[in-house]
Amino acid sequence: MPQKDIQSLKIYNTLSGSKEPFSPIHEDYIGMYVCGPTLYSEPHMGNMRTFINFDLVYRYLLHLGFKVKYVRNITDAGHVTNSAGQQEDSIGKAARLEQLQPLEIVYKYNVRFQNLQQIYNLLPPTIEPTATGHIQEQIEIIEKIMANGYAYEVNGSVYFDVKTYMKSHDYGALSGRKVGELENETRELNSQGEKRFFADFALWKKANEKDMQIWRSPWGDGNPGWHIECTAMSTKYLGDTFDIHGGGLDLKFPHHEDEIAQSCGSTGHAPAKFWMHANMLNVNGKKMSKSLGNFFLPQEIVEGTTSLFDKAYTPNVLRFFMMQSHYRSTLDLTQEALNASEKGLARLTEAIKTLEKISASNESSFDVESSVREFYDAMNDDFNAPILIASLFDASKKINSIRDGKETITAKDKELLLSEMKGFILDVLGITLEGTQNDNRLQPVMDLVLELRQQARSNKDWGTSDLIRDGLKNAGIIVKDGKDSTSWK
RNA sequence: GGUCUCGUGGCCGAGUGGCUUAGGCACCGGUCUGCAAAACCGGUUACAGCGGUUCGAAUCCGCUCGAGACCUCCA
């Protein structure tokens with residue numbers, strides 16, 4: 001079947017504001033760069049949403065048979081890019097508060113982050129480079145930008161010269177901002193300081209007495225600007241131009257806009273063909289954020305220790321919940337919605353197990369290939385996982401009907417449907433089928449117990465029958481009486 | 001204040017001009033069952049408001065109201 005045609009894949013490109021047909025720059029691989037976390041604290045669920053969404057993108061590209069170079073950085077250098085009077089970088093601040101060295105902070109939270117990736121079943125990127133491991137590369141790019149006349153040094157700091165850049169480039173192409181208007185619109189806190197122009201941004205910042213991390217540079221001791229690390233690492237590992245650059249929507253401006261400026265200012269062309277932005281996770285309609293305090297940690301939800309919910313949810317449920325909305329939409333996280341996902345997911349995974357046991361017929365009573373086609377169509381349309389899931393539910397209905405003898409399926413179609421459903425649920429959506437028959441010793445015991453119950457039922461001994469059912473229920477085992485047999489889970 | 005996005009039925013959430021009864025959850029009825037659960041079948045509640053374009057709009061345009069994001073570290 002010709003499902004795996006990359007030609008059909010369309011991706012929404014923030015640059016153009018529309019879905020564009022995707023074709024890789026290189027024959028043999030796709031290059032994708034995603035902005036990773038700044039490790040001054042543990043990532044919250046909102047952060048995870050972005051990483052889960054790009055995990056979906058990564059997984060689908062792999063599913064289509066592509067080799068993907070997936071680079072996601074780790075920001076382990078704090079940045080003081082605002083001139084609003086705050087003189088402390090995020091990591092330095094955390095280090096002071098926790099009385100640790102900056103590297104200890106970074107290491108501590110990186111361990112947590114790596115652990116979360118495991119828990120939430122994120123595939124590890126091909127490379128996870130760190131900012132501090134690429135200081136030299138950053139310096140070299142800054143030098144190139146200066147040599148091209150798009151940056152200037154003031155008092156040991158280097159700034160990107162937006163005004164000069166604008167003469168030959170379109171600053172604001174990504175975010176749609178017009179610098180001319182920006183000047184008046186910007187909030188009053190934005191003071192100009194050393195900068196020649198208010199919109200200029202730091203490429204290198206001279207060290208101050210509070211800095212706990214300092215590097216040497218041609219301009220003296222200091223630390224790199226916020227945006228330059230991504231330019232350095234994406235260029236180093238993916239080349240001057242690569243296929244996809246992703247990140248959270250809140251990074252669109254100024255971070256990604258400035259990345260484009262830095263690349264154009266150094267190599268002469270924009271870094272990525274496609275810019276993808278994942279939308280925010282909301283709580284009660286508002287963006288989950290540290291400052292609002294409306295966040296919870298991915299670990300807390302799994303452990304059921306967050307005060308916002310009265311029960312725990314598995315990482316599978318969280319993933320499934322997130323996949324049920326499109327990555328470019330905001331998503332509201334509520335207990336009711338999580339409960340709905342939990343039940344829906346159970347039905348879906350149950351359908352797979354049912355399909356495995358179903359017996360085949362001489363012919364299929366419905367068009368299995370077109371069902372499978374729907375899976376691909378959904379994902380080819382800008383990774384529309386909600387549509388994919390709807391199609392999977394439709395397929396589940398068919399499966400249940402087959403089991404009930406109302407539909408039929410051939411052995412060949414069954415094999416196709418099973419492998420594709422598993423492929424999409426397990427490999428693409430990243431759901432794991434968590435163990436039901438994990439204990440081999442339990443099955444014979446259950447067979448025995450259910451046999452005894454069946455005997456009681458034959459004798460119309462409902463007391464014994466229900467005693468067994470209720471007892472199992474207390475042990476977390478649900479008994480399901482079918483037409484011919486009884487199953488459990 | 002500026003720029004942008006969004007406003008779908010009880011909840012979550014797809015859908016951008018003309019059968020999507022999208023899908024999930026909830027609820028109601030039915031089949032099945034000793035009863036229940038599960039499963040299956042059927043059903044209920046919608047496109048913020050007003051006006052315009054069109055043969056026809058949830059979908060395009062304008063206005064009003066409301067919400068959010070960005071402009072400052074942010075996934």
Side-chain angles (χ1 to χ4, degrees), chain A residues 17 34-38 40 43-54 78-86 88-90 93 172 175-178 181-190 199 226 246-255 277-282 285-291 320-321 324-326 328-348 350-351 354 378 384-394 396-397 399-401 403-406 457 460-462 465-466 469-470 473 478-483 486-487 489:
Chain A
V34 173
C35 291
T38 302
Y40 66 96
H44 61 236
M45 209 59 223
N47 302 100
M48 289 303 284
R49 184 188 179 200
T50 296
F51 302 134
I52 289 174
N53 274 137
F54 283 105
H79 298 296
V80 191
T81 50
N82 64 329
S83 46
Q86 294 172 15
E88 254 181 326
D89 71 275
S90 50
K93 190 177 175 185
S175 59
R177 282 168 199 282
K178 303 279 180 282
E181 298 168 5
L182 240 164
E183 188 159 22
N184 304 321
E185 298 156 6
T186 221
R187 285 197 270 176
E188 62 274 9
L189 278 178
N190 199 340
W226 173 31
L249 190 59
D250 50 359
L251 294 182
K252 186 162 73 171
F253 187 88
H255 184 58
H277 289 97
N279 217 321
M280 302 291 103
L281 181 66
N282 287 353
K286 290 209 171 141
K287 172 183 172 181
M288 180 181 284
S289 72
K290 291 249 161 80
S291 53
F320 188 69
F321 166 71
Q324 277 184 297
S325 80
H326 190 255
R328 279 190 289 114
S329 301
T330 54
L331 172 62
D332 239 282
L333 183 50
T334 62
Q335 174 132 28
E336 216 179 343
L338 281 178
N339 285 340
S341 291
E342 187 172 44
K343 292 196 176 176
L345 176 60
R347 272 190 57 196
L348 209 52
E350 200 57 29
T354 303
N384 200 324
I387 298 284
L388 165 65
I389 290 173
S391 301
L392 289 168
F393 274 115
D394 288 341
S396 300
K397 275 195 172 177
I399 291 169
N400 289 328
S401 296
R403 182 206 51 195
D404 292 348
K406 291 172 184 165
R457 292 179 75 204
K460 297 194 191 301
D461 179 4
W462 311 129
S465 162
D466 292 349
R469 185 172 67 192
D470 295 343
K473 191 180 175 187
I478 306 294
V479 171
K480 296 191 292 184
D481 292 328
K483 265 202 165 81
T486 297
S487 61
K489 70 168 188 174

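Naming: A, B, ... by sequence-line order, numbering from 1 per chain.
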Select one nucleotide: of rA37(B), rA75(B), rC70(B), the one nearest the side-chain heavy atoms of Ile478(A). rA37(B)

Scan His44(A) against the nucleic acid and name what it touches under 4.0 Å (heavy atoms): base, sugar-phosphate only, or nothing. base

Residue closer to the 5' end of RNA chain B, Cys35(A) versus Ser396(A) (nearest nucleotide): Ser396(A)

What is the nucleic acid contact for Gly285(A), judged by heavy atoms within less than 4.0 Å: base, sugar-phosphate only, or nothing? sugar-phosphate

Assign Met288(A) to base, sugar-phosphate, or nothing according to its heavy-atom contacts below 4.0 angstrom with the strands shown. base

Lys252(A) atom NZ is separated from rC71(B) atom P, nearest whole Å, by 11 Å

Considering only atom C1', compute the distance from rA75(B) to rG17(B) and round it to an integer number of Å. 36 Å

Distance check: side-chain N/O of Asn400(A) vs OP1/OP2 of rA39(B), anything under 4.0 Å? no

Is there a donor and acceptor pair, one atom on the side chain of Asp332(A) and one on the base of rG68(B), closer than 3.5 Å? no

How far does the C1' atom of rU44(B) sit from the matching atom of rA37(B), given to the nearest Å? 24 Å

What's the spacing between Phe321(A) CZ and Leu281(A) CG if we round to 0.5 Å? 6.5 Å

Nearest-Å distance once atom C1' is located in both rU53(B) and rC12(B): 34 Å

Picking from rC70(B), rA39(B), rA14(B), which would you name as closest to the side chain of Ser329(A)? rA14(B)

Thinking salt bridges, do Asp394(A) and Lys397(A) make one under a 4.0 Å N-O criterion? no

Using the C1' atom on both, measure rG7(B) against rC41(B) and round to a whole Å. 35 Å

Between Asn282(A) (CG) and rA75(B) (P), how many Å, whole number? 16 Å

Going by atom types alone, do Arg49(A) and Ser325(A) pair a side-chain donor with an acceptor below 3.5 Å? yes

Checking rA36(B), rG13(B), rA75(B) against the side chain of Lys287(A) (C-beta onward), the nearest is rA75(B)

Confirm from the modelled atom types if Arg469(A) and rA36(B) form a donor-acceptor pair under 3.5 Å, side chain to base only. yes

Secondary structure of RNA chain B in dot-bracket form (Watson-Crick or G-U wobble, distances below 3.5 Å, | marking inter-strand pairs): (((((((..(((.(...[.)..))).(((((.......)))))....(((((..]....))))))))))))....

Are any side-chain N or O atoms of Asp332(A) and backbone N or O atoms of Gly285(A), one a donor and one an acceptor, separated by less than 3.5 Å? yes

By ring-ring contact (aromatic ring centres under 6.0 Å, His included) - contacts of His255(A) (at least two apart): Trp226(A), His227(A)

CZ on Phe320(A) to CD1 on Ile389(A), rounded to 0.5 Å: 4.5 Å

If we take the P atom in both rU31(B) and rG23(B), what is their distance in whole Å? 24 Å

Flag side-chain contact, heavy atom, 4.5 Å: Cys35(A) against Leu251(A): yes

Per-nucleotide protein contact string for nucleotides 18-30 of chain B, where B marks a base within reach and S marks sugar-phosphate only (heavy atoms under 4.0 Å, - for neither): ----BSBSS----

From CZ of Phe321(A) over to P of rA14(B), roughly how many Å is that when rounded to an integer? 10 Å

Spacing between His326(A) atom NE2 and rC6(B) atom C1', to the nearest angstrom: 15 Å

Ser325(A) has its side chain closest, among rG2(B), rA14(B), rC12(B), to rA14(B)

Distance (rounded to the nearest 0.5 Å) between Asn279(A) CG and Ser329(A) OG: 6.5 Å

rA14(B) to rG24(B) separation - C1' atoms, rounded to the nearest Å: 11 Å

Whole-Å distance separating the CG atom of Leu331(A) from the C1' atom of rA69(B): 15 Å

Roughly how far, to the nearest 0.5 Å, is CE of Met288(A) from CG of Leu331(A)? 9.5 Å

Please measure how far the P atom in rA48(B) lies from the corresponding atom in rC6(B), and state the result in whole Å. 13 Å

How is Lys286(A) classified with respect to the nucleic acid when contacts are heavy atoms under 4.0 Å: base, sugar-phosphate, or nothing? sugar-phosphate

Could you give the distance separating rU20(B) and rA38(B) at their P atoms, to the nearest angstrom? 31 Å

With no hydrogens and no angle check, is any side-chain donor or acceptor of Ser391(A) less than 3.5 Å from a backbone partner on Ile387(A)? yes

Nucleotide rA36(B), atom P - distance to NZ of Lys473(A) in whole Å: 13 Å

Mind calculating the distance between CG (Asp461(A)) and P (rG34(B)) to the nearest angstrom? 15 Å

Which part of the nucleic acid does Leu251(A) contact within heavy-atom distance under 4.0 Å: base, sugar-phosphate only, or nothing? sugar-phosphate

Looking at CG of Leu333(A) and CG of Asn282(A), how far apart are the two atoms once the value is rounded to the nearest 0.5 Å? 9.5 Å

Enter the distance from His44(A):NE2 to Ser289(A):OG here, rounded to the nearest 0.5 Å. 7.0 Å

Hey, is the side chain of Arg403(A) pairing donor to acceptor with the base of rC40(B) inside 3.5 Å? no

Asn384(A) atom CG is separated from rG13(B) atom P, nearest whole Å, by 14 Å

